[in-house]
Amino acid sequence: MPLRPLLDPDNLPALDPAYVRQRPALGLGPLDPAPRILLLYGSLRERSFSRLAVEEAARLLRLFGAETRIFDPFTLPLPDQVKGDDHPAVRELRELSMWSEGHVWCSPERHGQVTGIMKAQIDHLPLEMGGMRPTQGRTLAVMQVSGGSQSFNAVNTLRLLGRWMRMFTIPNQSSVAMAYKEFDEAGRMKPSSYYDRIVDVMEELVRFTVLLRPHAGQLVDRYSERKAAGMPVDPASDLASLATAAG
């Protein structure tokens with residue numbers, strides 16, 4: 001199944017509840033319905049640290065009032081491997097992105113870059129699909145895990161990709177160094193400054209998603225796309241035109 005179940009969704013042993021704002025976006029915009037966040041990770045290993053980090057992020061997002069879905073890339077074909085991208089996993093990934101208001105992308109760093117698994121998922125998300133845009137206007141949080149010392153190569157690339165996909169990438173980010181030391185045998189992240197940063201990033205993602213939610217349509221309304229679609233602006237409903245006329 002392309003959706004990965006989240007085990008122990010409400011168990012947060014590394015989190016100190018004394019410092020938690022359970023509704024970090026309160027007052028920034030409508031909280032109902034819950035912000036919808038899609039999470040992607042970049043490894044197929046049985047003990048994948050990018051997946052474990054994403055699962056920790058999903059638990060935090062749930063605590064902060066969001067609805068989460070984690071895509072499992074195990075059955076995803078390579079881009080252009082299947083004619084017309086006619087594959088159940090590709091369809092599921094695109095439907096999940098259409099469902100979402102925000103994304104979390106977490107990749108291992110391999111040879112100084114994101115993994116092929118991570119890039120393949122993003123490559124399967126077109127900028128435009130039957131008049132719909134699976135990524136445009138959505139918020140994005142970027143994370144990476146490394147086997148060695150701390151690096152930012154993967155998150156820098158993910159930021160570039162997010163910009164290309166016309167997403168609003170939040171300022172904060174997470175980079176977990178020597179990730180094999182940061183998770184216990186059960187796959188749970190230990191208390192650390194790395195975990196605290198993931199908490200910060202998820203708080204910020206929820207805030208930006210709620211803040212932008214009432215304005216997402218207007219923020220991605222583009223002249224070039226209106227022109228290509230043959231959709232002229234109606235002066236009677238254009239607020240800027242009305243304000244100019246009134247002045």
Side-chain angles (χ1 to χ4, degrees), residues 2 4 35-45 48-51 53-54 57-58 61 68-74 76-81 85 87 89-129 132-147 150-177 179 197-198 200-202 204-206 208-209 212 216 219-220 222 224-225:
R4 187 169 187 93
R36 301 181 300 276
I37 308 296
L38 171 63
L39 300 97
L40 308 180
Y41 59 93
S43 171
L44 299 181
R45 290 179 177 174
S48 161
F49 295 116
S50 62
R51 174 178 58 78
V54 150
L61 288 167
T68 64
R69 296 182 184 177
I70 302 173
F71 179 75
D72 186 343
F74 187 78
L76 191 71
L78 291 172
D80 304 320
Q81 183 178 358
D85 292 328
H87 188 279
V90 176
R91 290 194 294 272
E92 179 75 6
L93 175 60
R94 292 175 177 178
E95 288 168 5
L96 287 170
S97 193
M98 290 299 305
W99 163 86
S100 73
E101 295 177 275
H103 286 203
V104 175
W105 295 350
C106 182
S107 178
E109 181 175 317
R110 185 170 296 170
H111 300 315
Q113 264 302 338
V114 299
T115 61
I117 296 297
M118 190 76 239
K119 184 62 162 56
Q121 293 174 84
I122 299 169
D123 285 347
H124 275 302
L125 294 173
L127 283 174
E128 191 275 336
M129 182 179 67
M132 298 181 291
R133 302 185 184 277
T135 58
Q136 180 168 292
R138 286 154 178 83
T139 53
L140 171 64
V142 295
M143 303 166 56
Q144 76 169 74
V145 294
S146 303
Q150 193 170 42
S151 168
F152 301 95
N153 292 319
V155 287
N156 287 340
T157 294
L158 292 174
R159 284 187 176 279
L160 187 155
L161 290 166
R163 184 171 71 246
W164 186 263
M165 303 305 289
R166 300 175 182 171
M167 304 175 80
F168 297 107
T169 307
I170 66 172
N172 215 339
Q173 62 187 24
S174 166
S175 174
V176 180
R197 175 57 68 89
I198 293 177
D200 291 347
V201 173
M202 295 308 116
E204 190 170 286
L205 178 62
V206 171
F208 272 86
T209 303
L212 295 178
L219 290 171
V220 298
R222 292 185 173 87
S224 60
E225 294 175 1

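Hydrogens, waters and symmetry mates play no part in the numbers below; they use all other heavy atoms, side chains included. Just so you know, these numbers come straight off a predicted model, no measurement behind them.
Pairing each heavy atom of Pro77 with each of His124, the nearest pair is O-NE2, 2.9 Å. Heavy atoms only, all atoms of each residue included: Glu101 and Pro35 are closest at OE1-CA, 3.3 Å. Contact detail for Pro134 and Met129: the closest heavy-atom pair is CG-CE, 4.0 Å. For Arg51 against Tyr41, the heavy-atom pair with the smallest separation is CB-CD1, 3.6 Å. For Val145 against Ala53, the heavy-atom pair with the smallest separation is CG1-CB, 4.2 Å. Of all heavy-atom pairs between Trp164 and Leu127, the closest is O-CD2, 3.5 Å.
If you run side chain to side chain contact (heavy atoms under 4.5 Å, CB included) between Val114 and each of Pro108, Cys106, Ser107, only Ser107 comes through. Checking Ile70, Leu96, Leu140 one by one against Leu38, the side chain to side chain contact (heavy atoms under 4.5 Å, CB included) holds for a single residue, Leu96.
To the nearest 0.5 Å, the span separating CG on Leu205 from CD on Gln173 amounts to 13.5 Å. To the nearest 0.5 angstrom, Met132 atom CE is 11.0 Å from Ser97 atom OG. For the atom pair OG1 of Thr115 and CZ of Arg110, the computed distance is 6.0 Å after rounding to the nearest 0.5 Å. Residue Glu204 holds its CD atom at 4.5 Å from CD1 of Ile170, rounded to the nearest 0.5 Å. Here the CD1 atom belonging to Ile117 is positioned 12.0 Å from the CD1 atom belonging to Ile122, to the nearest 0.5 angstrom. Remark: Met202 CE to Met143 CE distance equals 5.0 Å, nearest 0.5 Å.
With no hydrogens or angles considered, a side-chain donor-acceptor pair links Ser146 and Gln144 at under 3.5 Å. For the residue pair Thr209/Thr139, the side-chain donor-acceptor check at 3.5 Å is satisfied. With 3.5 Å as the limit, one finds no donor-acceptor pair spanning the side chains of His103 and Thr135.
Put simply, the side chain of Val104 does not reach to within 4.5 Å of the side chain of Thr68, judged on heavy atoms. Proximity of Glu92 to Leu76: side-chain heavy atoms (C-beta onward) are nowhere separated by under 4.5 Å. Looking at heavy atoms from C-beta onward, Leu40 lies in side-chain contact with Met118 at the 4.5 angstrom threshold. Between Asn156 and Leu160, the closest side-chain pair of non-hydrogen atoms is not below 4.5 Å. Between Val176 and Phe49 there is no side-chain heavy-atom pair separated by less than 4.5 Å. Between Ser100 and Arg69, every side-chain heavy-atom pair lies at or beyond the 4.5 Å cut-off.
More than 12 heavy atoms of other shown residues, nucleotides or ligands fall within 6.0 angstrom of atom CZ in Arg159. In the displayed structure, Trp99 atom CH2 is contacted under 6.0 Å by more than 12 heavy atoms of other residues, nucleotides or ligands. Around atom CZ of Phe152, more than 12 heavy atoms belonging to other residues, nucleotides or ligands sit under 6.0 Å away.
When atom types are taken as modelled, the side chain of Ser175 and the backbone of Ser151 share a donor-acceptor pair closer than 3.5 angstrom.
Salt bridge status for Arg166 with Glu225: present, with a side-chain N to carboxylate O gap under 4.0 Å.
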Practice item. Kindly indicate, with the supporting measurements, whether the criterion side chain to side chain contact (heavy atoms under 4.5 Å, CB included) is fulfilled by Thr157 and Lys119. Key: CA-CA 10 Å; Thr157 294; Lys119 184 62 162 56; over 6 Å; no
Practice item. Decide side chain to side chain contact (heavy atoms under 4.5 Å, CB included) for Arg94 and Asp85; before the verdict, give the C-alpha distance in whole Å, the side-chain angles of both, and the deciding distance to 0.1 Å. Key: CA-CA 11 Å; Arg94 292 175 177 178; Asp85 292 328; 2.9 Å; yes
